[in-house]
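Report on the following structure.
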Amino acid sequence: MINFNEPPYTGKEIEYIGETIKNKKICGDGIFSKKCSKWMEEEFKATRVLLTTSCTHALEMSAILAEIKPNDEVIMPSFTFVSTANAFVLRGAKIIFVDIRPDTMNIDETKIESAISSRTKAIVVVHYAGIACEMDTIKRIAQKHALFLIEDAAQGVMSTYKGQALGTIGDFGSYSFHETKNYSMGEGGAIIINQPSYVERAEIIREKGTNRSKFFRGEIAKYTWVDQGSSYLPSDINAAYLWAQLEMAEIIKKNRMDSWNRYHENLEALEVRGFIRRPVVPKECQHNAHIYYIKTTDIEERSKLIEYLRKHNILAVFHYIPLHSSEAGLMYSRFNGEDEYTTRESEKLVRLPMYYGIKKEDIEYIVSCIYDFYLHKVR
Ligand SMILES: *Cc1c(COP(=O)(O)O)cnc(C)c1O
């Protein structure tokens, strides 16, 4: 069976985890946590990066930092993971969904402004598949209306927009290091703080509402409860796993890009002949090969293709069911304007196996099965 995903593993993980145990320092903000956040701050030219227990929690921290209150409105795409919305729903916000662009599956920047009301507090963008949203336009809109701009860059670690790292463009960004992402620590993430004035509060929220970080830096004599907060810092054991991959971040990225390009080149003829659509990468965007997907004609054809691949020992999967049509979506959200592409395009999308170290022969086999499906009328 060709797996859809395999967690990234470089070989140094066990050694580094062993070090945390030998050091007798396994709680949060230990040696490896510090190495990871410092590396990201330098690599991504970020003001401050704090490891978190998940991207979900990084988004929750962003909602607290943006002071989201009951009845505030938050604009985002419906084609995303539940956490993008839940982080704000937990603060009492109403989610206003905006349609996506069919080419990148990202929020349609031309449809954001008409969704803004006097209650709007923030725009949350999702960089689907690690391919950036049209950030210049979106940043201009956020500034014009004095809204927070928050990036769900869960999938965008090591991607850029006009040379700038995803996650560092808005006020706050968030990364995921879940097992299914390009770089992993099992469960984990990071919040990127791009406004220096929010750094101190972010540290406090992450440390249970205390000024413990300041205490450890020797800036104050004792630490105490100063604000709202929770426990958002991961164990150094997890950070040790992540460090083994960040050290090899370029190698992992290059390996994934090679696989992505192999799919892309080999599937071109099927697109030219009108059978499928392949992903579109705008010229401003350098991506990280997080996902390789193709689009079928419709949902029936997609189900048949997934079934056909499964029969040939290949695990391919679809992605998000748009949030506005979900059970919770009906309670907490509203779709602004027409759902022209969100539902229709999401129903066509199939993700092909993609992970660090996937074999060239496996990709060639997957491609040949897709050709058989379309050309030899096995449909
Ligand atoms: C994976 C993902 C998340 C959640 O990440 P966790 O680290 O599992 O909390 C949020 N948003 C998007 C777009 C994701 O892909």
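For ligands, and for the atoms within them, numbers begin at 1 and follow the listed sequence.
Geometrically, ligand 1 and A154 share no nitrogen or oxygen pair separated by less than 3.5 Å. Ligand 1 has a nitrogen or oxygen under 3.5 angstrom from a nitrogen or oxygen of D152. Polar contact check, S176 against ligand 1: a nitrogen or oxygen pair lies under 3.5 Å apart.
Between F148 and F172, the ring planes lie parallel to each other; the angle is under 30°, not in the 30° to 60° tilted range. Between Y293 and Y128, the two ring planes are tilted [angle within 30° to 60°].
With no hydrogens or angles considered, no side-chain donor-acceptor pair links D236 and T20 at under 3.5 Å.
A single hydrophobic cluster is seen to contain both Y198 and V124, as judged by linkage of ILVMFWY side chains at heavy-atom distances under 4.5 Å, directly or through other members.
Distances below 4.0 Å separate heavy atoms of F81 from the following atoms of ligand 1: 3 (C), 4 (C), 10 (C), 11 (N), 12 (C). Against a heavy-atom cut-off of under 4.0 Å, S54 is close to the following atoms of ligand 1: 7 (O), 9 (O). Remark: ligand 1 atoms within the under-4.0 Å shell around heavy atoms of G188 are 7 (O). With ligand atoms numbered from 1 in the order given, ligand 1 contributes 4 (C), 5 (O), 6 (P), 7 (O), 9 (O) to contacts under 4.0 Å with heavy atoms of C55. For ligand 1 and V126, the ligand atoms under 4.0 Å from any heavy atom of the residue are 13 (C).
For atom 9 (O) of ligand 1, the closest non-hydrogen atom of the protein is T56 OG1, 2.5 Å. In terms of protein heavy-atom proximity, atom 15 (O) of ligand 1 is nearest to Q155 NE2, 2.8 Å.
Contacts between F79 and ligand 1, counted as non-hydrogen atom pairs separated by less than 4.0 Å, are absent for every part of the residue. Of all the heavy atoms of K181, the ones lying under 4.0 Å from any atom of ligand 1 belong exclusively to the side chain.
Scanning both residues, I205 and I64, for their nearest heavy atoms gives CD1-CG2, 3.5 Å.
Salt bridge status for R101 with E109: present, with a side-chain N to carboxylate O gap under 4.0 Å.
Heavy-atom contacts from other residues, nucleotides or ligands closer than 6.0 Å to OH of Y332 number 12 or fewer.
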Run the side-chain hydrogen bond (donor to acceptor under 3.5 Å, both in side chains) test on D99 and T342 for me, step by step, so that the C-alpha distance in whole Å, both residues' side-chain angles and the decisive distance to 0.1 Å come before the verdict. CA-CA 6 Å; D99 208 7; T342 301; 2.5 Å; yes
